[in-house]
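The structure follows.
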Amino acid sequence: MLINKWLVIDSFNNTTPKDWRDGFCLELLSHQPGDMSDLYKDLQRLPLGNPFAILLSEKSSLAQNTNDPYIESIISLFFQPSYFLDSDIPVIFLSNKTTDHAWFIERLSEKCMKQGLPVLIFKTKSAGRVENSGSQVYEVTTSDIDYNALVENWLSEHLEGKDPDEIHFLFKENAPGLTEMLREMEKKEILLHNTKHYKFAKLAYEKQKLIEKYKTELDEKVYVEKNTQLYLRMQKKQTADNVEWYHHEYEILPTWYKRLGHIVKVLMGRRTFRSLFSDKAKKYKD
Amino acid sequence: MFALFIHIYNQDSWERIFKERLKEIQEFSPLILVNLCLAHSGNAELIHSIRNEFPEAFIITTPNKGRDIGGKLALTDFYVKAELQSDQIVFLHDKQSHHWFAGESWRQKLFEIIEPGKIKAILEKYQNDPKTGIIGTRDFIKNEFDKKTKEFKTTNNRKIKELISVYNLKLNDYRFVAGAMFWVRSSILERFFSIHSALSCREMLEEGNFTDQFEGTYTHSWERIFCFLANDQGYSINGI
């Protein structure tokens with residue numbers, strides 16, 4: 001989606017709105033691995049249409065949580081099928097109010113790489129002003145969003161060939177007046193959807209996604225082709241080894257010995273008698 | 001109850017190999033855990049298809065690291081972290097072995113362990129013999145260890161010995177199930193991976209597709225180590 005909405009929650013529980021149609025962003029508190037077993041199971045039941053990501057905020061207090069079990073419990077979240085990926089890379093939202101997560105992020109990135117998985121860190125911005133640098137992730141506290149400026153900014157970045165990221169809005173679950181704020185924003189979006197620049201941006205975005213999809217498919221095909229070449233080389237070597245083995249184990253024997261072997265096979269019932277005298281006769285019994 | 005840990009690399013394997021086989025054994029109500037390759041573009045459709053047939057299945061997606069062994073370790077990690085429970089675990093994957101002419105017939109034989117008739121016999125064996133740790137297809141139970149030289153007759157020799165030392169395994173039986181598809185008593189894995197996290201074990205595995213024909217790999221060494229864990233804990237390995 002060109003514009004993604006995320007509901008920031010601190011846990012999945014009974015109060016998590018069931019009618020929320022967009023993404024869930026889990027604000028990472030100081031969970032211990034043992035506390036997270038239900039979270040893994042809950043995430044499994046999350047529809048793929050509801051993506052999930054984590055947010056590191058000022059509440060996260062991660063400085064004390066750089067131990068391997070905790071970091072690995074985060075990495076396991078990235079393996080959940082609903083986890084939000086950007087070009088197959090998991091995304092972590094990092095609140096702009098945080099200052100002390102550098103060491104945690106470094107350690108997490110290092111451990112992720114050892115699992116064959118890079119991570120993307122998207123730093124949030126205040127929704128009050130539109131900036132055309134970096135990722136477009138906004139922590140929204142009022143409905144006073146300048147949609148036109150955001151979309152125009154996205155479009156100009158796209159036309160400059162900068163391959164801009166999607167736009168993300170983060171809403172705190174317990175923010176005062178959230179329902180009213182969302183309603184106001186929906187009204188603005190309806191107006192936005194009728195503007196020419198939005199329609200053009202939407203088309204450009206869909207084209208960009210299609211190109212990414214084709215690139216992934218092409219990469220997959222190149223990979224398969226490379227593997228097939230490797231397997232063919234190995235099969236070729238095996239065939240050569242087999243022929244050599246056959247030569248040394250059988251072909252090298254005197255003809256009379258091989259003929260005797262044929263007769264033994266007939267006596268053992270492994271070959272038909274007629275095949276001793278005619279190449280056209282059925283050779284082996286079923 | 002037993003759990004099936006299924007690693008799927010090729011997108012068409014679900015339809016071609018697993019779907020019908022799993023339907024045939026639904027009477028046993030196994031816990032189903034599936035690992036898919038993260039980078040594949042058709043995962044959403046595949047997940048939908050799996051959940052359509054088996055709504056209770058757990059699915060994860062991981063990068064192609066350590067081939068099926070990496071997938072099985074990631075599934076083990078999920079199983080431990082989500083605190084799932086079972087009596088036995090069955091390791092399965094969409095073995096292709098393109099490099100070997102007999103790959104297809106190998107797979108057919110390895111999959112005999114989930115034929116309904118054999119499942120009954122296997123469950124009975126586990127119930128009657130508390131020392132049974134691992135059960136696999138008899139023809140695939142191999143032993144590469146040379147007692148005289150104390151070496152493993154494989155390119156993986158050095159790495160296998162390294163892992164035995166790292167995990168301090170005390171072994172007197174070096175048999176393993178070649179092909180890495182077998183039944184294992186869940187408590188064996190639960191005990192080991194509660195001490196050594198499955199993800200940290202996965203870190204050392206090689207990335208991408210590779211073989212051990214010319215050079216040993218940690219991935220192929222882990223294929224052996226999985227079976228050695230049973231012996232280390234005093235359990236036996238049996239063929240069927």
Side-chain angles (χ1 to χ4, degrees), chain A residues 33-34 36-45 47-49 68-69 71-83 85 87-90 110-118 212-221 223-224 226-228 230-239 242, chain B residues 9-11 33-48 50-51 55-66 70-71 73-75 77-84 96-103 197-200 202-211 213-214:
Chain A
M36 292 174 77
S37 62
D38 286 339
L39 175 62
Y40 297 112
K41 282 181 268 197
D42 290 339
L43 289 175
Q44 285 286 320
R45 303 297 158 228
L48 293 181
D68 282 358
I71 299 242
E72 284 174 3
S73 70
I74 306 295
I75 295 173
S76 301
L77 295 175
F78 302 150
F79 294 161
Q80 300 302 308
S82 55
Y83 199 90
L85 308 173
S87 305
D88 295 327
I89 303 173
E110 190 187 309
K111 290 282 282 180
C112 275
M113 285 312 289
K114 287 183 182 169
Q115 295 296 330
L117 193 68
E212 276 174 25
K213 182 175 171 273
Y214 288 149
K215 272 186 185 165
T216 309
E217 284 175 6
L218 189 64
D219 287 347
E220 280 173 27
K221 286 188 169 34
Y223 194 66
V224 169
K226 214 172 116 187
N227 282 335
T228 308
L230 172 72
Y231 296 142
L232 281 174
R233 276 201 303 280
M234 291 166 83
Q235 285 189 354
K236 211 169 160 183
K237 188 181 175 304
Q238 272 172 18
T239 308
N242 289 346
Chain B
Y9 177 74
N10 297 287
Q11 296 263 292
L33 287 84
V34 182
N35 175 60
L36 305 176
C37 188
L38 180 79
H40 284 167
S41 50
N43 276 349
E45 292 84 0
L46 188 52
I47 290 168
H48 179 76
I50 296 171
R51 291 217 166 121
E56 299 302 314
F58 293 101
I59 304 170
I60 59 168
T61 58
T62 60
N64 185 20
K65 185 178 168 78
L73 281 171
L75 287 168
D77 170 71
F78 177 81
Y79 174 88
V80 171
K81 287 204 173 97
E83 294 175 4
L84 301 177
Q96 296 278 319
S97 300
H98 293 293
H99 60 286
W100 185 244
F101 295 115
S197 93
L199 282 193
S200 64
R202 191 175 179 273
E203 283 183 358
M204 66 180 75
L205 307 185
E206 294 77 8
E207 284 185 34
N209 284 348
F210 48 84
T211 75
Q213 280 211 323
F214 311 111

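Atom set for the values below is all heavy atoms of this structure, side chains included, hydrogens, waters and symmetry mates excluded. Labels below follow one simple rule: chain letters A, B, ... track the order of the sequence lines, proteins then strands, and each chain is numbered from 1.
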Checked Asp88(A), Thr216(A), Ile89(A) vs chain B; the most non-hydrogen pairs under 4.5 Å come from Asp88(A)
- Item | Heavy-atom side-chain proximity of Cys37(B) to Glu220(A) below 4.5 angstrom | no
Are Arg202(B) and Glu72(A) close enough that some pair of their side-chain heavy atoms sits under 4.5 Å apart?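 Contact flag for Arg202(B)/Glu72(A) side chains = no.
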Honestly, the part of Arg45(A) sitting under 4.5 Å from a heavy atom of chain B is side chain
At a heavy-atom separation under 4.5 Å, does Leu84(B) approach chain A through its side chain, its backbone, both, or neither?
->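 For Leu84(B), the contact with chain A is made by the side chain alone.
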ask   = Which value, rounded to the nearest 0.5 Å, describes the distance between Asn64(B) atom CG and Tyr223(A) atom OH?
value =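 The distance works out to 4.5 Å.
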task: For each of Lys213(A), Lys111(A), Lys226(A), tally heavy-atom pairs with chain B at distances under 4.5 Å, and name the one with the top tally.
output: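 Winner by heavy-atom pair count: Lys111(A).
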When you compare the side chain of Lys114(A) with that of Leu199(B), does any pair of heavy atoms fall below 4.5 Å? no
| said: Can you give me the closest heavy-atom contact between Lys81(B) and Ser76(A), atom names plus distance? | reply: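 Smallest heavy-atom distance, with atoms named: NZ-OG, 2.8 Å.
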Turns out that what part of Leu85(A) lies under 4.5 Å from chain B's heavy atoms comes down to side chain
> Is there a side-chain contact between Glu83(B) and Tyr40(A), using heavy atoms and a 4.5 Å cut-off?
Replying inline: no
Handout entry: Side chain proximity check, Gln44(A) to Glu56(B), heavy atoms < 4.5 angstrom
Key =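 Side-chain contact under 4.5 Å: no.
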* Taking the side chain as every heavy atom from C-beta outward, state whether Phe58(B) and Pro81(A) have any pair of such atoms under 4.5 Å apart. =>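 Phe58(B) does not reach Pro81(A) side chain to side chain.
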Taking every heavy atom of Glu207(B) against every heavy atom of Gly116(A), the minimum-distance pair comes out as OE2-CA, 3.6 Å
With rounding to the nearest 0.5 Å, note down the distance linking CD1 in Ile60(B) to OH in Tyr83(A).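 These two atoms lie 15.5 Å from each other.
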| request: Drop me the distance from Leu38(B)'s CG to Gln115(A)'s CD, to the nearest 0.5 angstrom. | output: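 Leu38(B) atom CG to Gln115(A) atom CD measures 12.0 Å (nearest 0.5 Å).
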